[in-house]
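Working notes for the structure below.
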Amino acid sequence: MKLKALNGFKDILPADVALWMRVEATVRDIVSRFQFSEIRLPILEKTELFARSIGEATDIVEKEMYSFVDKGVTMRPEATAQIIRAYIEHGLYVQRPIQRIFTIGPMFRHERPQKGRLRQFHQVSAEVIGADHPRVDAEVMAMSAMIFSELGISVSLEMNSLGCRECRPAYKEKLLAFLSERIDHLCDDCKRRSSTNPLRVLDCKKPGCREQVADAPSIVENLCAGCDEHFGAVRSSLEQLGVDYQVNKFMVRGLDYYCRTTFEFITGDLGAQSAVCAGGRYDGLVEQLGGPKKIGGIGFGLGLERLVLLLQQKEQDQGRPNELDLFIAGLGEEAVRLCYGLVNELRVTGLRVGLDHEGRSLKSQMKQADKAGSNYVLIVGDDELAKGTGVLRNMGNQEQINIALDAAAIQQQLAGA
Ligand code: ATP
Ligand code: MG
């Protein structure tokens with residue numbers, strides 16, 4: 001029997017890791033410009049944490065969670081709830097009233113695997129906790145936009161407001177009245193959603209439902225004064241920062257804890273998996289999870305698989321790898337034996353060095369060096385060995401010099417070049 005990885009669980013192979021690392025390095029660089037600090041969190045949490053925060057009547061909690069039912073624990077499907085859990089548990093608000101925190105890691109959701117949709121996927125989750133100001137909402141979106149633009153990826157930002165505990169109930173009523181007139185024309189899921197979570201009917205992807213809700217009342221036209229002002233200020237802040245966006249009244253996001261600002265960064269290049277980053281404000285969440293009152297927050301989850309796919313699609317030519325600073329081509333057993341020690345000394349100095357142990361020809365070893373994108377090759381045959389020198393070839397300009405088989409001399413030559 002051939003053993004294979006589980007469906008929806010994917011190995012990230014060495015050839016792809018360089019790209020992942022570039023993406024992660026860009027993310028870390030940019031979030032640090034916005035004063036975010038990293039937090040590292042466990043994979044398992046009490047199921048209750050997600051049920052209470054994300055909401056019982058959501059896709060994630062209803063059908064996507066990997067839960068150990070007998071143990072009451074779940075593999076995290078997203079990180080916001082657990083970041084808030086940690087924020088409360090460790091009293092991070094005592095040290096600093098406003099926390100800017102991010103984490104990068106795997107999330108787990110049992111959904112149908114397809115391109116850009118996995119059961120184990122990776123997210124950057126970035127949160128500003130303790131800040132209510134609309135400028136922060138725009139700043140968080142600007143940060144995400146900066147990640148995309150530095151990676152050379154074009155996406156569009158869609159934004160909406162979901163109102164708050166004050167104005168949403170009245171809007172829900174209005175929407176419900178609108179939906180009940182059309183209930184017979186909605187899909188079965190939406191018939192059910194109408195009573196449990198009517199806002200979610202607005203983002204049903206089925207064409208029949210889309211048609212029915214085209215003229216549905218818009219939440220942004222039904223906001224209370226506070227939410228309306230907040231929404232306006234988010235918009236003008238985005239404009240001040242030069243972040244392009246569109247208001248999408250159908251974007252409600254699946255999670256219960258969102259209020260006011262919600263947003264998604266969308267691409268047209270990944271088929272149905274169009275959202276690369278999604279987030280919003282969650283002003284009641286800290287209190288709901290047992291933390292202090294009146295601590296707002298806003299954040300996003302950015303899907304790394306989708307980001308990497310976009311980069312792979314864009315960069316057909318993945319470029320030459322550069323795995324090594326130096327490849328030592330030893331010819332003959334005696335040369336290889338001596339080079340073996342030299343390689344280790346050079347590695348101690350910090351150089352990335354490769355060596356072949358299979359007794360291959362010079363031609364074959366040069367090929368290996370080229371494949372690894374080595375900057376230099378040091379050729380050591382019997383003649384060289386007798387003289388205690390090797391031939392150092394610069395793979396960029398093909399220049400060759402003789403050099404002593406001495407770690408310090410080699411290191412100096414490579415550093416000076
Ligand atoms: P979708 O509508 O695609 O299911 P979502 O609304 O469930 O996304 P969020 O929970 O907001 O997504 O997660 C934020 C981001 O994480 C998404 O925009 C997407 O890039 C990524 N993501 C979510 N689920 C998956 C998955 N199963 N596989 C890969 N990436 C995912
Ligand atoms: Mg989903």
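The figures here come from the full heavy-atom set of this structure, side chains too, leaving out hydrogens, waters and symmetry mates. Remember, it's 1-based here, ligands and their atoms both numbered in the order they're listed.
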Close N or O approach (Ile60, ligand 1; < 3.5 Å):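 In fact, backbone or side chain, Ile60 has no N or O that close.
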Among protein heavy atoms, which sits nearest to [atom], and what does the distance come to when rounded to 0.1 Å?
{"atom": "atom 8 (O) of ligand 1", "answer": "Arg306 NH1, 4.4 Å"}
{"atom": "atom 28 (N) of ligand 1", "answer": "Leu118 N, 2.9 Å"}
{"atom": "atom 22 (N) of ligand 1", "answer": "Phe121 CE1, 3.5 Å"}
{"atom": "atom 20 (O) of ligand 1", "answer": "Ala275 O, 2.9 Å"}

Heavy atoms of other groups near Glu166 CD, more than 12 under 6.0 Å: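 Counting neighbours around CD of Glu166, 12 or fewer heavy atoms of other residues, nucleotides or ligands fall under 6.0 Å, so no.
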Region of Glu111 that comes within reach of ligand 1 [heavy atoms, distance under 4.0 Å]: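 The side chain, only.
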Which segment of Pro77 sits under 4.0 Å of ligand 1 when only heavy atoms are counted: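 The answer is neither.
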Within less than 4.0 angstrom of ligand 1, does [X] place any heavy atom?
{"X": "Gln123", "value": "yes"}
{"X": "Arg109", "value": "yes"}
{"X": "Arg253", "value": "yes"}
{"X": "Arg117", "value": "yes"}

Side-chain ion pair, [X] and [Y], N-O less than 4.0 Å:
{"X": "Glu264", "Y": "Arg253", "value": "yes"}
{"X": "Glu111", "Y": "Arg117", "value": "yes"}
{"X": "Asp188", "Y": "Lys191", "value": "yes"}
{"X": "Glu38", "Y": "Arg40", "value": "yes"}
{"X": "Arg168", "Y": "Glu173", "value": "no"}

Ala278: numbered ligand 1 atoms lying under 4.0 Å from its heavy atoms: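 Checking each atom against Ala278, I get 11 (O).
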Residue Gly301 vicinity, atoms of ligand 1 by number, heavy atom under 4.0 Å: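 Taking each heavy atom of Gly301 in turn, ligand 1 has 14 (C), 15 (C) under 4.0 Å.
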Proximity winner for atom 21 (C) of ligand 1, if only heavy atoms of Cys277, Ala79, Gly303, Ser274 are counted: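 Comparing heavy atoms across Cys277, Ala79, Gly303, Ser274, the nearest one to atom 21 (C) of ligand 1 lies in Gly303.
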Ring-ring centroid check Phe148 Phe265, cutoff 6.0 Å: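 Aromatic pair counts; centres sit under 6.0 Å.
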Side chain to side chain contact (heavy atoms under 4.5 Å, CB included) against Asp269, all qualifying residues, sequence neighbours excluded: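 Thr267, Leu310, Gln313.
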Cation over ring face, Arg52 and Phe50, 6.0 Å, 45°: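 Verdict for Phe50: no cation-pi partner in Arg52.
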